[in-house]
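Contents: one structure, followed by commentary.
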Amino acid sequence: MSRYNFRESEAKWQQRWRERQTFTAQHDPTRAKYYVLEMFPYPSGKLHVGHVRNYTMGDLVARYRRARGYNVLHPMGWDAFGLPAENAAIAGGIHPAIWTAENIATMRAQLQRMGFAYDWSREIATCHPEYYRHEQKMFLDFLAKGLAYRKESWVNWDPVDHTVLANEQVIEGRGWRTGALVEKRLLAQWNLRITKYSDELLDALKSLDRWPERVRLMQEHWIGRSEGARVKWALSDGKTAIEVFTTRPDTLYGAAFLALSPHHPFSQELAKTNPALAEFIAECDRIGTSEEAIETAEKRGYDTDVEAIHPLDKTRRVPVYIANFVLMEYGTGAIFGCPAHDQRDLDFARKYKLPVIPVVLPPEADPKSFAIDDIAYVDDGTIFNSSFLNGLSVADAKRTVGERLEASGTGERTIAYRLRDWGVSRQRYWGCPIPIIHCADCGIVPVPESDLPVKLPDDVEFDAPGNPLDRHPTWKHVACPRCGKPAMRETDTFDTFFESSWYFARFCSARAPVAFERDAAQYWMPVDQYIGGVEHAVLHLLYSRFFMRALKECGYLDLEEPFAGLFTQGMVCHQTYQNAEGEWLFPEEVTSDPAGRMIDATGRPVVAGRLEKMSKSKKNVVGLDDIVDTYGADTARLYLLSDSPPERDLEWTDTGIEGIWRYVNRLWRLVSEPVVALPPVGTAIPADLSPELAAIRRATHKMIAAVTDDIDKFRFNRAVARIRELSNALEGITGGNDAAGAVMREGLETVTRLLGPMMPHLAEEMWQHLGHGDMLADVAWPQADAALARDEQVTIAVQVNGKLRATLDLPRDAAVNEVEEAALALPQVARLLDGKTPRKVVVVPNRIVSVVA
RNA sequence: GCGGACGUGGCGAAACGGUAGACGCAACGGACUUAAAAUCCGUUCUCCGCAAGGGGGUGAGGGUUCGAGUCCCUCCGUCCGCACCA
């Protein structure tokens, strides 16, 4: 009994594909294209099996589409800028460029060993100047169009590392690496005007019908469109007016206070002459912007002693507070509080003893007795206590008050978005330099296009915290391009999401001297099937949609949506182990004591933790090289496809991969030691087959149709199950006659072709073994013969009063009355009917008879 | 708090509103073997029954339907996203 020699076979076929450039994509407008892309990896070191699930899915789609006759583009590249490279430089003294290049070499070799059908001639790495020079140009074009601008904004600042931190990098108010208390700082940052497209980005979500509903919803919420009104409140000082944003202008007569963000210009102004207020604001800033901090922070206000005049009733005045819960970034940075109809406002009013005036009356409530206790009333009702709005519904009142505000010039109906502009400045070395020069006389001066790219200097030191570019002795000192006097380069670099916002379009013409060759982009874009993790739902996937629009505005491309189809795959999980201290342990560190309890090396108890996503920190990764060495790439690939639905998490188990390995060998034996002699390639199948062989043939053609449909719908686990069903059936073929051989050959060739996109090396090997001289990679996808797939005999279920009582084997498409007669004649049915006529009989052709007694 | 997804054997999972548990993992029994591995055959939702057969079963409860794992309502639980958003 032979075993499949995956080592020899996989190397052999990978070499053939490479030699023949099987997967090199050619621009050919006469052919229908299909662009398959997996989110490109960050070259962090070595791949583990959890990394390759989405590449395996992408490869299946790419090879399947190729077999279906499409001109397929399936490229691969490296998201090569980022913090881990710098951290490695700090920790290990290796230059980020070298660390990155080494990791790319390792990971490229790993992907090649997996046999993925990439067009390697289009490989890109975002850290190369040939790549990032184009985004420097894009940035200058954005600047010229007003899509990029510099603005002071409040950021999380790590005082030890001297860098801005993203909200995700702030844990319990402290920097994730340094543990230092994070400060809020007002810092000049480059921003991209993504908010210009808020409405477009929101509306176009509807057109993305091949995106998961979940991702569309997440983007919708992230953009966060709310209709409301801006309302101007004059202050008692007679000079200032505060504009507030509200979604509930109908409750304006219930106003009890105004609350301003600590960062509101008026707050800052007051603080200049009011030390107590200045201290209050400083305290608010210390709390930080982490979720944790926000959740635990008490709602606090500072009474300014200033009063605001009600815009609809000049005789009414409300106090003006500075409050820690009002965000400068949303709306106008100021709100009016209506305690009766907003829970947070109510809590605030109770705390500071402010009046609570109900203005929305719940249905059937008594206006004389209705009062608010601890719960604000936020539902619909009838407006009362509100002058000209009395008696209106909430919706009508919103419209009426809006009109009144607009007529009186004290406000206007407007729309607020949650989405904020994208701050792209990072105080880091390993990123794309921002092509800007700061001149004392000329101000901000763009680097002239002829001077691009602005390359990163190689000679940098990582011995001190902060940005090495800033400390570099010469790099940042340049002559101002405008006046020629000494000036300074911008030393911030771009957020690495900048690079990933356009790489997919670069693949269309990866070696072009310009960012995009129009013809190529026109032909290949958009990406037909994008595959990646859901963690990018509102980051990369939103930024990229924005980028396409911005690039269109700047004349680069003529496209809005980059990804026509999106699939978000589940993670690969694996067993974890933790000791009593909560420290993660490698599986090999866990042993058991004589009583069978799990212990670590020092004898302390260990608990088998829950399944977690494979990650180095949880010590539960399974190395890809180990698996490919032991079982081969195809076995790993099939396991990643077979065990769980692609969108759900997959549990990696040793027994699971063993099971696939056994199946691989069964398949191999099926073709290498066939139990039935196979006729030559192309031998016709006799028309008159035994019922057993006819059934096998029918199964073969049914499977072609079913597997094709499954792959189209991303139900890969079911496709695998069906292929196994077919191969199980083929194992059952007996008898040495020619008909059996012919049916066996058809079945084996079908299994081989269906497996091609999943286990390409084994399938090539099987194809060759079956006597074919061509490469399976060049063979078309099989076609199901509908006539052959049709059942001649069907099994019909018979229910009596909703319970299954019998089954009935009848010819396909038997007449309804015959089916009914046959069902009623069944002894099980007759017994239950007890001689009575059924009240009703429902016959669903070829499926079921439902008898109601 | 808001939004979304999910809940089916010991486990991963299948099931156009139409025979619940395909396919696999694990377990058990058997064959082959001096033995093991590998391989092959069989059994495995549950209860009653020797069997033939029958009862029950898709988180809980209700509804629609000839028929519900699937659709609707209420509840319970798990997971995910957003969150002082005015």
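Labels below follow one simple rule: chain letters A, B, ... track the order of the sequence lines, proteins then strands, and each chain is numbered from 1.
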* Scan A/Val851 against the nucleic acid and name what it touches under 4.0 Å (heavy atoms): base, sugar-phosphate only, or nothing. => nothing
* Touch check for A/Asn728, heavy atoms < 4.0 angstrom, all strands: base, sugar-phosphate only, or nothing? -> sugar-phosphate
* To do: For A/Val844, answer base if it contacts any base atom (sugar-phosphate contacts may also be present), sugar-phosphate if it contacts only those atoms, and nothing otherwise; contact means non-hydrogen atoms under 4.0 Å.
  => base
* Distance-only side-chain donor-acceptor flag, A/Asn324 / A/Tyr302, under 3.5 Å -> no
* From B/rA14, B/rA86, B/rA26, nucleotide with atom closest to A/Ser226 side chain -> B/rA86
* Take atom NZ of A/Lys613 and atom P of B/rC79, then tell me their distance rounded to the nearest Å. => 18 Å
* Euclidean distance, atom NZ of residue A/Lys398 to atom P of B/rA86 [Å, nearest integer] -> 10 Å
* Is there a donor-acceptor contact under 3.5 Å linking the side chains of A/Ser642 and A/Asn717? -> no
* Asked: Which is true for A/Glu725 with a 4.0 Å heavy-atom rule: it touches a base, it touches only sugar-phosphate, or it touches nothing?
  -> sugar-phosphate
* Base, sugar-phosphate, or nothing: which does A/Arg648 touch, judged by heavy atoms less than 4.0 Å apart? -> sugar-phosphate
* To do: May I ask which nucleotide in the shown strands pairs with B/rG18, Watson-Crick or G-U wobble, both distances under 3.5 Å?
  => B/rC66
* Any-strand Watson-Crick or G-U partner of B/rC25, both distances under 3.5 Å -> B/rG10
* Determine whether the side chains of A/Thr195 and A/Asp421 contain a donor N or O and an acceptor N or O closer than 3.5 Å. => yes
* Considering only side-chain heavy atoms of A/Arg805, which listed nucleotide, B/rC66, B/rG54, B/rA86, is closest? -> B/rG54
* Is it the case that A/Arg724 places NZ or CZ above or below the six-membered ring of A/Tyr663, under 6.0 angstrom from the centre and within 45 degrees of the axis? -> yes
* Integer angstrom distance from the P of B/rG63 to that of B/rU58 -> 16 Å
* To do: Take atom OH of A/Tyr4 and atom P of B/rA38, then tell me their distance rounded to the nearest Å.
  => 21 Å
* The side chain of A/Thr807 lies closest to which of these nucleotides: B/rU19, B/rA22, B/rC25? -> B/rU19
* Structure fact -> From the candidates B/rC66, B/rA22, B/rC82, the one with an atom nearest any side-chain atom of A/Arg418 is B/rC82
* Separation of A/Asp710 atom CG from B/rA22 atom P, in whole Å? -> 17 Å
* Give a yes/no on whether any side-chain N or O of A/Lys803 is located under 4.0 angstrom from OP1 or OP2 of B/rG56. => yes
* The side chain of A/Thr246 lies closest to which of these nucleotides: B/rA86, B/rC40, B/rC23? -> B/rA86
* Sugar-phosphate only, base, or nothing, as touched by A/Gly224 at under 4.0 Å among non-hydrogen atoms -> nothing
* Asked: Is the NZ or CZ atom of A/Arg418 both under 6.0 Å from the centre of the six-membered ring of A/Trp222 and within 45° of that ring's axis?
  -> yes
* For A/Leu217, report the nucleic acid contact type (base, sugar-phosphate, nothing); a contact means any heavy atom under 4.0 Å. => sugar-phosphate
* Are A/Glu220 and A/Arg225 ion-paired here, with the side-chain N under 4.0 Å from a carboxylate O? -> no
* Answer with base, sugar-phosphate or nothing: what part of the nucleic acid does A/Thr795 contact at a heavy-atom distance below 4.0 Å? => base
* State whether the number of non-hydrogen atoms from other residues, nucleotides or ligands found under 6.0 Å of A/Glu227 atom CD is greater than 12. => no
* Asked: What nucleic acid atoms does A/Asn717 come within less than 4.0 Å of, heavy atoms only: base, sugar-phosphate, or nothing?
  -> sugar-phosphate
* B/rU64 to B/rA13 separation - C1' atoms, rounded to the nearest Å -> 29 Å
* **Side chain A/Arg225 and base B/rC85 donor-acceptor under 3.5 Å** => no
* To do: Provide the Watson-Crick or G-U wobble partner of B/rA60, both distances under 3.5 Å; none if there is no partner.
  => B/rU74
* **Atom C1', compared across B/rC40 and B/rG57: separation rounded to whole Å** => 34 Å
* Structure fact -> RNA chain B nearest-nucleotide lookup for A/Ala797 and A/Gly659: closer to the 5′ end is A/Ala797
* To do: Verify the contact: side-chain N or O of A/Lys840 to OP1 or OP2 of B/rC66, cut-off strictly under 4.0 Å; return yes or no.
  => yes
* Is B/rU39 paired to anything, Watson-Crick or G-U wobble with both distances less than 3.5 Å, and if yes, which nucleotide? -> B/rA31
* Asked: Within less than 4.0 Å of OP1 or OP2 of B/rG17, is there a side-chain N or O belonging to A/Arg847?
  -> no
* Structure fact -> Between CG of A/Leu804 and C1' of B/rU19 the distance, given in whole Å, is 5 Å
* Using only side-chain N and O atoms of A/Arg662, determine if any of them is under 4.0 Å from OP1 or OP2 of B/rG24. => no
* When all nucleic acid strands are considered with a 4.0 Å heavy-atom cut-off, which category describes A/Ser644: base, sugar-phosphate, or nothing? -> sugar-phosphate
* Among the candidates B/rA83, B/rC66, B/rC80, find the nucleotide nearest to the side-chain atoms of A/Arg214. => B/rC80
* Starting at atom CZ of A/Phe716, determine the distance to atom C1' of B/rG12, rounded to an integer number of angstrom. => 18 Å
* Structure fact -> In Watson-Crick or G-U wobble terms, with both distances under 3.5 Å, the base opposite B/rC79 is B/rG4
